[in-house]
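What follows is a single structure, written as structure tokens, with notes after it.
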There are 2 protein chains.
Amino acid sequence: MTTFSDIDRLAISTMRLLAVDAVSKANSGHPGAPLGMAPAAHVLLRNMRMNPKNPGWINRDRFVLSNGHACALLYSMLHLTGYDFSIEDLKSFRQLHSKTPGHPEFELPGVEVTTGPLGQGVCNAVGIAIAQANFAATYNKPEFTLSDSYTYVFLGDGCLQEGVSSEASSLAGHLQLGNLVAIYDDNKITIDGDTKVSFDEDVLKRYEAYGWEVLTVNKGDDDLASIDAAIKQAQKSKDKPTIIKLTTIIGYGSLNEGSHSVHGSPLKADDVKQLKKKFGFDPEQSFVVPQEVYDFYQKSVAQPGAELNAKWDQLFSSFQKRYPEVGKELVRRLSGKLPENWDEKLPRYTPKDSAVATRKLSEMVFEDIYAELPELIGGSADLTPSNLTRWNEAVDFQPTNSGIGNYAGRYIRYGIREHGMGAIMNGISAFGANYKPYGGTFLNFVSYAAGAVRLSALSGHPVIWVATHDSIGLGEDGPTHQPIETLAHFRALPNTSVWRPADGNEVSAAYKSALESKHTPHIIALSRQNLPQLKGSTVENALKGGYVLQEVSNPDIILIGTGSEVSLCVEAAQLLAAKNIKTRIVSMPDTLTFDKQPTEYRLSVLPDRVPIMSVEVLSTAGWSKYAHQSFGLHTFGASGKASDVFKYFDFVPEGVASRAEKTIAFYKGKEVDSPLKTAF
Amino acid sequence: MTTFSDIDRLAISTMRLLAVDAVSKANSGHPGAPLGMAPAAHVLLRNMRMNPKNPGWINRDRFVLSNGHACALLYSMLHLTGYDFSIEDLKSFRQLHSKTPGHPEFELPGVEVTTGPLGQGVCNAVGIAIAQANFAATYNKPEFTLSDSYTYVFLGDGCLQEGVSSEASSLAGHLQLGNLVAIYDDNKITIDGDTKVSFDEDVLKRYEAYGWEVLTVNKGDDDLASIDAAIKQAQKSKDKPTIIKLTTIIGYGSLNEGSHSVHGSPLKADDVKQLKKKFGFDPEQSFVVPQEVYDFYQKSVAQPGAELNAKWDQLFSSFQKRYPEVGKELVRRLSGKLPENWDEKLPRYTPKDSAVATRKLSEMVFEDIYAELPELIGGSADLTPSNLTRWNEAVDFQPTNSGIGNYAGRYIRYGIREHGMGAIMNGISAFGANYKPYGGTFLNFVSYAAGAVRLSALSGHPVIWVATHDSIGLGEDGPTHQPIETLAHFRALPNTSVWRPADGNEVSAAYKSALESKHTPHIIALSRQNLPQLKGSTVENALKGGYVLQEVSNPDIILIGTGSEVSLCVEAAQLLAAKNIKTRIVSMPDTLTFDKQPTEYRLSVLPDRVPIMSVEVLSTAGWSKYAHQSFGLHTFGASGKASDVFKYFDFVPEGVASRAEKTIAFYKGKEVDSPLKTAF
């Protein structure tokens with residue numbers, strides 16, 4: 001039973017004013033939510049177990065600020081409790097190269113995930129809660145509770161309106177994630193004004209419909225005891241996530257409290273002064289923290305947290321003695337390492353092996369490696385038999401009482417929720433313990449998750465998209481399903497590895513790259529149709545991102561293909577050879593990886609003096625970095641048998657060969673330089 | 001009160017078997033939902049007012065199949081009721097160039113919107129219902145009910161799990177769209193199996209929370225009277241949309257009824273035979289329609305519909321006599337024309353006018369044209385004061401009893417629901433009557449709506465995205481908000497016009513293009529920061545998509561800029577001129593429009609023999625079509641004052657000038673051809 005007194009109110013006022021001062025100094029930012037949510041933030045801190053000196057402690061409670069624009073509050077919380085944020089950092093809020101950017105970023109100490117784009121944080125929190133439940137079910141033993149952390153998330157009306165949060169919330173309710181606690185800042189204000197202009201649904205009823213526990217705190221601005229009681233009640237519910245609707249006044253204390261003008265603009269100077277007076281602070285001072293507030297947070301949060309961390313370290317020590325094998329596995333995972341030689345399990349192929357769809361080859365990789373990698377946790381957005389994402393012996397991640405799985409299961413039925421899946425995967429990855437999440441859907445529908453994929457790339461979460469049905473090759477489902485712009489889109493997104501493997505060796509390479517990645521999300525585009533095992537392909541070569549598949553001396557032309565088009569290029573090369581035209585064939589399963597190779601290597605693949613043509617049955621945007629001419633698709637696809645559709649768009653050997661000949665003719669008599677050479 | 005008898009059951013069986021036969025003949029497709037939903041489809045047809053001979057009748061009831069994969073059912077419905085779909089069309093289901101593609105497409109007779117990607121159709125239906133409510137409120141007069149149509153939509157578990165449908169459903173409840181009726185195919189099956197693996201929320205409770213009326217029909221496979229009663233009940237509720245939960249057995253009648261195997265694969269041959277026998281049909285015959293079924297649909301649907309249409313024509317005739325001005329406006333809108341000379345209201349600028357942010361110039365366009373274009377219906381995803389999307393005198397589109405608007409209002413408060421907004425705009429456009437919807441958000445968050453934008457492009461809905469805060473120029477909000485890949489993404493999407501106007505004249509051109517477009521969605525990227533009015537810019541030039549802003553004889557280099565980078569190029573050119581380097585400056589506000597210009601014109605802008613460099617502070621992917629070298633951004637942005645951030649990334653005049661010089665040096669002594677010239 002927590003008691004609250006003057007020191008708590010002083011701490012809350014301190015937190016409020018730090019946030020306001022940060023925004024005012026930057027002359028930019030959002031003071032409203034910090035003023036409204038500081039009481040809840042303070043009470044939450046008093047209920048959280050965390051060690052500011054060790055932000056990576058695996059059993060820390062997590063806090064996610066889904067309404068990331070309120071980060072002046074978060075930075076203040078982190079500073080006051082002793083994370084590595086100084087007062088100077090607060091003063092450089094929103095300045096270039098500061099440690100306190102305008103929206104919180106994953107790598108910062110105490111920041112669990114990058115937020116800002118609305119809806120994402122609460123979904124990340126669902127993912128963290130999933131990982132925590134799986135981790136606990138996997139490693140906790142009698143007398144060894146290694147994992148029992150909670151995941152807390154603040155969110156506002158914005159996040160609740162975003163569809164992605166509905167997806168993850170519905171799944172969280174189904175999964176009965178009892179350690180997830182959401183606090184909803186019910187301030188009835190959004191940028192366009194009162195929420196009644198567009199958002200008057202019964203939020204709690206909706207969350208009841210999802211299977212959440214719903215609680216209410218009417219006076220979120222100062223009723224600390226009720227906030228505390230709600231959090232403790234939420235902690236008790238073991239088979240339901242909880243949402244606490246916390247009614248606050250946005251911009252509490254400001255002359256404009258309760259209005260949308262305090263949402264996203266600094267308070268005026270006189271307003272700030274009256275606010276400081278109201279809270280008993282000197283109106284002429286800024287960034288003031290009474291020493292007793294620092295002391296209080298040390299005594300009530302930081303020190304207890306450090307002690308709990310130390311106790312956990314001892315527990316883990318004993319655990320390793322008692323369970324040496326599992327202990328080693330845990331040590332390995334906690335240090336972010338994969339098992340030694342795990343990749344020896346990746347299958348390798350020769351041209352003697354039969355033609356197989358790369359989505360099927362992907363399934364075979366899962367079968368070969370799942371037992372090696374306990375951190376691998378897969379799933380699909382309700383396309384499991386199409387994506388082929390589930391190994392045969394998989395146990396589904398489900399509440400035990402469902403009868404269809406348990407929390408130690410490593411296959412997640414995400415439902416038809418691609419965007420939610422992407423954001424949840426970010427959370428699973430953010431939990432730590434080397435979790436390697438993958439999620440399947442059709443390549444075209446990765447686009448539904450663009451908001452989450454972007455954050456994977458920006459934050460550096462190495463999640464994996466198993467993206468099957470990767471072109472017009474999917475056939476009859478037609479243009480609504482056939483991706484055209486998708487690879488160009490994600491290749492233009494920084495820090496995103498977009499693999500389109502051509503055969504089994506390349507599929508193995510894609511997964512080696514994806515699973516060994518520490519900071520780069522991977523999208524692996526896979527075919528529905530069978531593709532031959534290629535002569536010249538090896539896992540090692542494919543790991544360079546691009547390589548010479550088929551060499552010839554003094555080539556007249558170089559063809560670059562990806563995925564299904566590589567074998568097409570091989571066939572075209574045969575037609576060209578019959579005309580004495582010599583073709584070097586390059587396979588380029590991932591341009592990002594290729595870009596990272598030494599210049600000398602890349603120029604050996606794509607040298608001067610030879611015309612180069614890329615062949616990929618999607619948009620050509622981006623290929624000019626590697627090719628002089630590009631054969632692709634710039635219209636939507638068509639519904640029909642795959643072979644008919646390929647033929648219609650001339651993606652047949654003759655179509656490639658004729659364009660290769662035109663390319664050669666185009667550059668006849670001209671000296672071409674490698675496209676890799678640029679002016680700057 | 002509708003009565004049902006043997007002929008209804010015969011008709012339902014006919015519809016079921018036509019769908020099954022279509023899938024079997026194609027050896028591809030989804031037989032399960034058609035089998036389950038045929039009874040509801042039949043009962044619905046008996047409650048709908050439509051004229052198969054006039055699919056464009058503005059007061060027709062609309063039907064949207066949100067679970068678009070069930071389109072074998074839709075095509076059968078359309079064929080049987082007399083739309084322009086022959087039996088041969090059904091037989092060529094899913095074949096290349098047929099009229100019956102694997103997912104239904106907008107241009108087909110009787111198909112209201114393209115569906116297939118889950119979640120979209122129900123949102124389109126919300127948009128259609130919004131347009132209908134606005135149209136009725138605007139034009140209905142006492143004794144002249146020109147518009148009272150209903151919008152019906154089928155959807156399944158898939159659509160309900162997709163977050164986008166939650167967004168639109170929440171808004172529909174708030175907007176009290178009484179003429180919207182959703183029928184939810186509750187068959188408890190998705191691709192991954194029983195819905196209990198991931199989706200066990202209380203759907204009806206959620207919809208109650210949104211403010212919908214919820215009804216239940218337990219025996220959707222054969223209780224026609226209950227289905228009918230529910231539909232009629234739904235039609236009565238005037239201030240709530242309705243969802244009818246209809247429990248069916250997927251694949252009803254098949255040996256595998258109720259299992260996920262009937263969802264997306266053709267039934268086996270023996271299964272089809274037993275099904276036909278079960279329904280009293282000859283197991284050896286396919287595509288059978290008893291004449292009495294054709295007659296029945298003629299008598300109960302087609303003829304009454306034709307009569308209602310004829311009555312409406314007379315009513316409209318009288319209306320035009322009684323209200324000649326409004327009548328003319330309606331005739332104009334129904335013929336898909338804009339008012340004569342409406343574009344004379346578009347503002348024009350000279351360099352004497354002050355520098356203004358293009359988002360502000362956009363707002364000024366709305367102020368100038370909203371009164372001219374009653375079909376213009378705007379909104380924002382809760383960023384109205386940032387997007388500047390609302391003209392001062394606007395009336396919000398709201399239920400009258402809200403006290404904050406009415407249905408004749410033309411400004412929609414979409415809430416924080418970008419994807420829902422995009423899909424709703426598609427529906428508003430699809431309603432007809434020349435509706436011109438636009439929706440605002442930050443450019444970066446158009447990506448949240450990628451699924452809907454893609455369908456805008458695929459279907460040809462000329463919706464408009466007002467996409468402000470278009471680069472690192474937005475400053476302190478930082479990398480979570482600063483777009484990098486966004487323009488490259490949408491330029492790679494076929495049939496998508498991506499405008500980035502540089503000044504006031506170009507903004508006017510963007511809106512002229514967008515509003516006159518019949519089939520091409522527009523994304524208009526606008527700055528937060530002030531930009532100067534450029535010397536050399538005109539509306540007419542900008543309408544070519546790309547033009548010479550600043551000419552010089554015998555240029556040493558050509559710089560192509562867009563938006564904020566055009567004035568940057570102008571400044572860079574001055575620095576270069578001081579070194580006797582002559583620069584032609586090209587502004588290219590929209591590459592799609594430029595691509596459509598005659599070759600001669602395009603080559604006059606980007607000729608041979610001059611190195612060309614593009615300058616745009618986002619990804620360079622796609623620029624190689626127009627430039628030899630490209631200065632852009634390939635990393636995420638940063639949080640800081642805009643001027644600091646531009647400087648950090650070297651997007652300053654010196655940064656452009658130095659790269660221009662490097663470009664010139666790179667091509668020295670070489671003959672460059674225009675990038676517009678390609679080998680094929």
Side-chain angles (χ1 to χ4, degrees), chain A residues 28 94-96 101-103 116-118 158 161-164 166-167 170 174 190-192 197-202 205-206 209-210 382-384 413 415-417 447-448 450-451 458 476-478 480 485 488-489 492-494 619 621-622 624 629 635-636 639-640 644 659 662-663 666 679-680, chain B residues 28 94-96 101-103 116-118 158 161-164 166-167 170 174 190-192 197-202 205-206 209-210 382-384 413 415-417 447-448 450-451 458 476-478 480 485 488-489 492-494 619 621-622 624 629 635-636 639-640 644 659 662-663 666 679-680:
Chain A
S28 172
R94 297 195 145 217
Q95 302 315 300
L96 189 63
H103 289 90
L118 293 170
Q161 293 178 54
E162 285 288 2
V164 65
S166 293
E167 294 180 8
S170 176
H174 163 73
T190 57
I191 290 179
D192 271 36
V197 305
S198 74
F199 181 58
D200 49 24
E201 61 174 59
D202 186 336
K205 186 177 221 175
R206 171 157 68 97
Y210 293 144
D382 196 64
L383 284 169
T384 299
R413 304 285 186 169
I416 295 100
R417 306 177 175 112
S447 302
Y448 267 49
L458 177 59
E476 289 93 335
D477 269 352
T480 50
E485 74 290 4
H489 167 195
L493 182 62
S619 168
S624 60
Q629 301 291 322
T635 59
F636 290 106
S639 172
D644 288 344
R659 286 169 179 80
K662 287 184 174 144
T663 299
F666 190 79
F680 51 85
Chain B
S28 170
R94 298 194 145 217
Q95 302 314 300
L96 189 62
H103 290 89
L118 294 169
Q161 293 178 55
E162 284 288 2
V164 65
S166 294
E167 294 180 9
S170 176
H174 163 73
T190 57
I191 290 178
D192 271 36
V197 306
S198 74
F199 183 57
D200 49 24
E201 63 176 60
D202 186 335
K205 186 178 221 174
R206 170 157 69 96
Y210 293 145
D382 195 65
L383 284 168
T384 299
R413 305 285 186 169
I416 296 100
R417 307 177 175 113
S447 302
Y448 267 49
L458 176 59
E476 290 94 334
D477 269 350
T480 50
E485 75 288 2
H489 167 195
L493 182 62
S619 168
S624 60
Q629 302 292 323
T635 59
F636 290 106
S639 173
D644 290 343
R659 285 168 179 78
K662 288 185 174 143
T663 298
F666 190 80
F680 50 83

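The sequence lines fix the lettering, A, B, ..., with proteins before strands; numbering per chain opens at 1. Keep in mind it's a predicted model, so treat the numbers as computed, not measured.
With rounding to the nearest 0.5 angstrom, the CD1 atom of I191(B) is 11.5 Å from the CZ atom of R413(A). F680(A) CZ to K662(B) NZ: the interatomic distance, rounded to the nearest 0.5 Å, is 8.5 Å. Here CZ of R206(A) is found 13.5 Å from CG of D202(B). Values are rounded to the nearest 0.5 Å. Atom OG1 in T480(B) sits 9.5 Å away from atom CG in L118(A) (nearest 0.5 Å). With rounding to the nearest 0.5 Å, the separation of NE2 in H489(B) from CD in E485(A) is 5.0 Å. Going from atom OG of S198(B) over to atom CZ of R417(A) covers 5.0 Å, rounded to the nearest 0.5 Å.
Within the 3.5 Å criterion, the main-chain N or O of P101(B) finds no donor-acceptor partner in the side chain of S639(A). Side-chain N or O atoms of H174(B) include none that pairs as donor or acceptor with a backbone N or O of E201(A) at under 3.5 Å. Here the side chain of H103(A) pairs a donor or acceptor atom with the backbone of D477(B) at under 3.5 angstrom.
Minimum interatomic distance between Q161(B) and E167(A) (heavy atoms only, all atoms of both residues): O-CG, 3.4 Å. The shortest non-hydrogen separation linking L96(A) to D644(B) is CD2-O, 3.5 Å. Between S170(A) and F199(B), the shortest heavy-atom distance links the atoms OG-CD1, 4.2 Å. What you find for A450(A) and S447(B) is that their closest heavy atoms are CB-O, 3.6 Å. For the pair D382(B) and T190(A), the tightest heavy-atom approach, listed with the atom from each and the gap, is OD1-OG1, 2.8 Å. Shortest non-hydrogen contact noted between Y448(A) and G451(B) is CE1-CA, 3.8 Å.
Taking chain A as the reference chain and counting heavy-atom pairs below 4.5 Å, the highest number among G478(B), A621(B), G102(B) is found for G102(B). Contacts with chain B were tallied for G163(A), P494(A), G640(A), P117(A); P494(A) has the most, counting heavy-atom pairs under 4.5 Å. Options A209(A), G622(A), G415(A) differ in how many heavy-atom pairs under 4.5 Å they form with chain B, and the most are formed by A209(A). Most heavy-atom pairs under 4.5 Å with chain B: of the set T384(A), T663(A), V197(A), this distinction falls to V197(A).
In this structure, the portion of S619(A) lying under 4.5 Å from any heavy atom of chain B is its side chain and not its backbone. Looking at S28(A), only its side chain comes within 4.5 Å of chain B, counting heavy atoms on both sides.
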